[in-house]
Amino acid sequence: MEATATANNLNHEIVDAFRATTLGNERLREIAIEHFEQLGFPGTKSEEYRFTPITRSIEKNFAVNHFAEITTSSLDDITPFLISSYETNLVVFLNGQYQEKLSSIISPKEQVIVQSLRSALDERSAVVLNHFAKLVDSKMDPFAALNTAFWHDGVFIHVPKHAVVEKPIVVLHVHDAGQNPVFSKNRVLMIMEEYSEASILLKSDSIGNNPVFSTVVEEIEVMENARLNYFKIQNDQGALHQVTNTMIHQNNASRVNSFTFTMNGRVIRNNLSIAIDGERCESHFYGLYLLDKNTIADNHTVVDHRRPNSFSNELYKGVMDGSSKGVFNGKIYVRPFAQKTNAFQSNRNILLSDTASINTKPQLEIWADDVKCSHGCTTGQLDEEALFYLQSRGISKHSAQAMLLYAFAGEITQPVKDETLKNYLDQLISERLHKSL
């Protein structure tokens with residue numbers, strides 16, 4: 001009862017703090033705060049968040065002033081957070097604020113236009129106004145509502161028709177929590193026009209011992225025959241509490257490859273939704289979570305087949321050690337008009353300790369009768385026979401365990417075509433697995 005009262009008080013205080021601010025785009029923000037007021041932070045009875053105690057963690061670590069204020073930082077060296085020898089278009093946010101001086105766009109404007117989302121809205125660009133806050137619905141999720149009400153800055157990425165962005169676009173979120181707790185609220189709006197191609201990588205890092213609460217809303221429009229490679233790397237060494245709401249909307253004959261790697265943080269929640277709203281679309285979704293200590297990682301995915309003759313394949317894998325907790329909830333919807341749909345989903349997990357846990361719930365909801373769909377999940381431990389075989393060949397138990405886990409995780413990185421990024425991910429995974437063992 002006391003926890004519920006505390007949550008309700010924090011909800012009301014956040015709404016009051018919003019009323020006292022002037023942030024711009026007031027009508028949209030006003031609607032969002034009304035949605036947040038109706039939804040509130042999710043409690044233990046919330047079906048969507050019942051395995052992820054993010055509300056309790058927020059109540060414990062953050063005060064209402066953290067939600068309304070903008071935390072500044074003088075950090076000017078981001079080298080430790082970059083991928084070595086990786087030539088990219090770089091967009092940097094520091095405590096939620098766009099850093100033009102630290103950012104570097106090396107691709108010509110004929111390939112891609114990248115600018116502050118606030119600036120793009122101020123310019124009243126038609127393409128921005130037609131898409132901003134149209135894909136992620138603030139009335140469906142309290143954290144999406146919170147972000148839409150309080151967001152401070154973001155990035156607008158526009159890939160013109162027939163353009164091929166040769167260098168990946170890296171959006172780097174750095175949080176400096178050395179002096180105070182940080183609440184950052186960012187948005188990404190990406191428009192890929194017909195026949196365009198691009199890769200985007202979103203990465204979070206933090207310094208300092210204070211807690212960080214990060215909300216990110218990502219809206220991506222993939223138009224006809226466009227090709228998108230989407231990567232998310234969450235390997236934050238600090239006390240990161242992060243909720244991301246990502247919506248990718250696909251049109252005819254478009255292709256999306258999505259990769260989510262979660263390896264560190266305090267409480268991580270990823271809401272990834274894909275609307276396959278065209279024919280002849282192809283979509284692949286890969287996820288890997290390697291957890292230890294008390295880390296909680298929750299992946300909620302929605303694949304919504306709205307049109308016929310499309311294909312989707314989803315594979316998420318997890319390795320849990322220590323007292324960590326993994327959560328996977330994957331939903332596939334096949335609408336009545338989405339005949340000839342092929343949709344597959346799989347979630348596989350390995351528990352390395354008696355105190356680690358996984359809650360997995362694959363779901364199918366099909367309203368069409370001419371489809372091929374399947375889903376499934378497995379949870380277990382390392383294969384003792386395989387361990388014995390490797391040890392019988394003179395391999396130590398520690399190395400044998402690492403080899404089996406690396407092979408288990410390698411199925412997620414194998415489809416990555418960018419060799420520099422693939423090598424970085426392989427190294428990251430190898431170091432992480434050896435650290436766990």
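What's counted below: heavy atoms across the whole structure, side chains too, no hydrogens, waters or symmetry copies. Starting from 1, each residue takes its place in the sequence as its number.
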Considering residues, nucleotides and ligands other than [X], do more than 12 of their heavy atoms fall under 6.0 Å from its [atom1]?
X: E166; atom1: CD; result: no
X: K422; atom1: NZ; result: yes
X: Q391; atom1: CD; result: yes

Exercise for the section: Determine the interplanar angle of the F93 and H173 rings, folded into 0 to 90°, and report it as parallel if under 30°, tilted if 30 to 60°, perpendicular if over 60°. Expected result: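 F93 vs H173 ring planes: parallel.
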Exercise for the section: Please work out whether the ring planes of F18 and F150 are parallel, tilted or perpendicular, with thresholds of 30° and 60°. Expected result: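 Plane angle over 60°, so perpendicular.
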Practice task
Could I get the full list of ring-ring contact (aromatic ring centres under 6.0 Å, His included) partners for Y333, not counting sequence neighbours?
Solution key: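 For Y333, no residue satisfies ring-ring contact (aromatic ring centres under 6.0 Å, His included) once neighbours in sequence are set aside.
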Handout entry: For F143, ring-ring contact (aromatic ring centres under 6.0 Å, His included) partners two or more places apart
Key =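 Once residues adjacent in sequence are excluded, the partners of F143 under the ring-ring contact (aromatic ring centres under 6.0 Å, His included) criterion are F41, Y49.
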Handout entry: Sequence neighbours excluded, every pair satisfying salt bridge (Lys or Arg N to Asp or Glu O under 4.0 Å) that has a member inside residues 236-249
Key =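 Of all non-adjacent pairs touching residues 236-249, none passes salt bridge (Lys or Arg N to Asp or Glu O under 4.0 Å).
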With sequence neighbours excluded, what pairs up with [X] under the side-chain hydrogen bond (donor to acceptor under 3.5 Å, both in side chains) test?
X: S199; result: N229
X: R19; result: E30
X: T260; result: none
X: T88; result: none

What side-chain donor-acceptor pairs closer than 3.5 Å can you find for residues 405-416, not counting sequence neighbours?
unit_1	atom_1	unit_2	atom_2	d
E411	OE1	K317	NZ	2.6
E411	OE1	R348	NH1	3.2
T413	OG1	G410	O	3.3
T413	OG1	D426	OD1	3.2

Handout entry: Pair S346-H375, side-chain donor/acceptor within less than 3.5 Å
Key = no
If the condition is side-chain contact (heavy atoms from CB on, under 4.5 Å), which residues does [X] pass it with, not counting sequence neighbours?
X: S107; value: N89, Q111, V112, V165, K167
X: S254; value: V222, Q250, C281
X: S85; value: none
X: N313; value: H284, F311, F344

Problem - Side-chain touch I233/L201, heavy atoms, less than 4.5 angstrom - result: yes
Exercise for the section: Without swapping roles, check the side chain of S310 against the backbone of G278 for a donor-acceptor pair under 3.5 Å. Expected result: yes
